[in-house]
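Input: a single structure, listed below in structure tokens.
By convention in this document, chain letters (A, B, ...) are assigned in the order of the sequence lines, proteins followed by strands, and residues within each chain are numbered from 1. Side chains are part of it too, since the values below use all heavy atoms of this structure and drop only hydrogens, waters and symmetry mates.
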There are 2 protein chains.
Amino acid sequence: MTPSPDTPAPANTSANAPRPATNPTADRLVEATRDLLWERGYTGTSPKAIQQRAGAGQGSMYHHFAGKPELALAAITRTAGELRGLAEELLSGPGTAVERVTGYLRRERDVLRGCPIGRLTQDPDVMADPVLRAPVEETLGWLRGRLAEVLAEGRANGELPPSVDPSGTAATVVAVLQGGYVLARAAGDTAPFDQAITGLLTLLAPPQQP
Amino acid sequence: MTPSPDTPAPANTSANAPRPATNPTADRLVEATRDLLWERGYTGTSPKAIQQRAGAGQGSMYHHFAGKPELALAAITRTAGELRGLAEELLSGPGTAVERVTGYLRRERDVLRGCPIGRLTQDPDVMADPVLRAPVEETLGWLRGRLAEVLAEGRANGELPPSVDPSGTAATVVAVLQGGYVLARAAGDTAPFDQAITGLLTLLAPPQQP
DNA sequence: GTCTATATGAAGATAGAC
DNA sequence: GTCTATCTTCATATAGAC
């Protein structure tokens with residue numbers, strides 16, 4: 001494209017991979033898209049809104065990205081990476097299995113905003129596009145798998161009863177999180193989220209009766 | 001209400017209450033709106049799409065309803081009523097407390113479509129409008145309360161251990177449902193939903209070890 | 001009650017100047 | 001790289017005839 005020596009541009013022009021937002025304007029566009037996808041979803045997010053929030057013009061946006069889907073892919077990919085990194089950090093950290101799961105469940109969250117990945121599940125245009133859908137499916141799938149490993153550890157070392165199926169329980173754990181967000185948003189209050197988490201932990205590791 | 005003998009029309013012209021769709025066309029419009037809200041959400045549903053699905057014209061729609069918000073209110077109210085009626089039927093039916101909760105969790109569901117009420121929680125325009133939001137908040141709040149009553153019953157008669165907090169556990173139960181939908185949609189498969197439910201029930205009523 | 005015409009602005013982009 | 005103009009279609013109604 002640009003044979004001249006003064007363009008250290010990334011060679012990433014493949015159709016599949018999102019361009020890494022190495023440029024400051026491109027980066028602000030991706031960040032704006034992340035915010036808006038979280039707040040308003042894919043359908044509810046317009047190119048104009050993205051431009052305004054990023055402080056970028058029309059031409060600028062279409063220079064860096066082919067259009068809304070490409071921007072969304074960059075945004076979703078970045079968010080998914082962050083979420084996964086944070087989860088991995090907590091789940092592979094120190095502590096017993098139950099402690100780590102508890103730590104993950106109790107980690108600080110912007111409860112009323114909901115889960116930036118889980119919410120995409122409700123966006124029909126995202127789910128209809130295999131490219132946009134893939135990171136959503138992967139991230140939540142990975143999370144269930146990783147939690148299942150930790151729970152299996154806990155069962156193996158006697159923290160959890162043998163009746164606890166790691167895979168099924170992992171699904172329950174992630175579901176409580178995702179559903180907790182729904183309840184909190186419905187109530188306009190974080191309390192139901194906290195209740196749901198506490199309720200789950202009580203069932204998972206009941207208070208000892210000596 | 002209706003002094004003239006030839007107009008059996010309902011006197012429901014109050015601003016707050018949605019007109020009961022007594023008219024066949026109005027009814028089809030509400031049903032179409034229900035479907036579309038479920039599939040595409042509020043932002044993703046246009047008046048034109050509603051008209052097409054209902055087989056009604058532009059003028060017809062605006063004759064029966066003031067606009068999209070009024071139609072949405074009628075649709076949401078009807079859906080909320082159905083959901084509540086079904087839950088009440090199962091939760092106040094025969095069986096032990098745990099059996100009734102299990103029956104409610106295992107009831108037939110259109111899992112991949114998700115919860116028609118819970119999904120509205122992700123719609124910023126719905127949550128921003130107190131009138132549209134109210135039935136969502138009420139329905140999910142009622143459900144938690146009703147489940148808490150049943151769980152309290154179960155604890156009182158020894159089905160559940162004293163460590164089980166009815167309110168918290170009720171939040172957990174509803175969260176697992178709502179989150180189960182999210183996982184199923186993300187995976188494009190109902191399996192994670194079923195796993196989440198089974199995982200919860202295993203924790204709630206562990207297999208006896210004699 | 002239902003239909004058609006008309007209207008305003010937003011959505012989502014392309015073209016080409018600077 | 002960024003900006004402004006232009007374009008097409010859609011969203012969401014209103015007006016008034018039938």
### Phe193(B) six-ring centre to Arg106(B) NZ/CZ under 6.0 Å and within 45° of normal
no

### Message
With a 4.5 Å cut-off on side-chain heavy atoms, are Arg155(B) and Pro166(B) touching?
### Response
yes

### Query
Would you say the side-chain atoms of Thr33(A) pair up with the backbone N or O of Leu71(A), donor to acceptor, closer than 3.5 Å?
no

### Task
Provide, to the nearest angstrom, the distance between the OH atom belonging to Tyr62(A) and the P atom belonging to dA5(D).
18 Å

### Test item: Arg40(B) and Ser46(B) side chains (from C-beta on) under 4.5 Å apart, heavy atoms
no

### Summary
Sorted by position of nearest nucleotide on DNA chain C, 5' first, the leading residue of Gly57(B) and Lys68(A) is Gly57(B)

### Message
In the structure I gave you, are the side-chain heavy atoms of Leu132(A) and Tyr42(A) within less than 4.5 Å of one another anywhere?
### Response
yes

## Note on the structure
Phe65(B) CZ to dA11(D) P, in whole Å, measures 20 Å

### Task
Would you confirm whether Arg28(B), through its side chain, and Ala54(B), through its main-chain N or O, come within 3.5 Å as a donor-acceptor pair?
yes

### Task
Output, in order, the C-alpha distance, side-chain angles, deciding distance and verdict of side-chain contact (heavy atoms from CB on, under 4.5 Å) for Cys115(B) and Thr121(B).
CA-CA 10 Å; Cys115(B) 173; Thr121(B) 267; over 6 Å; no

### Query
Hey, are the side chains of Tyr181(B) and Arg119(B) touching, using non-hydrogen atoms and a 4.5 Å cut-off?
no

#### Entry: Gap between atoms CE and C1', on Met61(B) and dT12(D) respectively (whole Å)
8 Å

### Task
Considering only heavy atoms of chain A and a distance under 4.0 Å, specify the first and last nucleotide of DNA chain C in 5' to 3' order that meet this criterion.
dA11(C) to dT14(C)

### Message
Expected output is a numbered-order residue list: members of residues 42-51 of chain B with a heavy atom under 4.0 Å from any atom of DNA chain D. What is it?
### Response
Thr45(B), Ser46(B), Pro47(B)

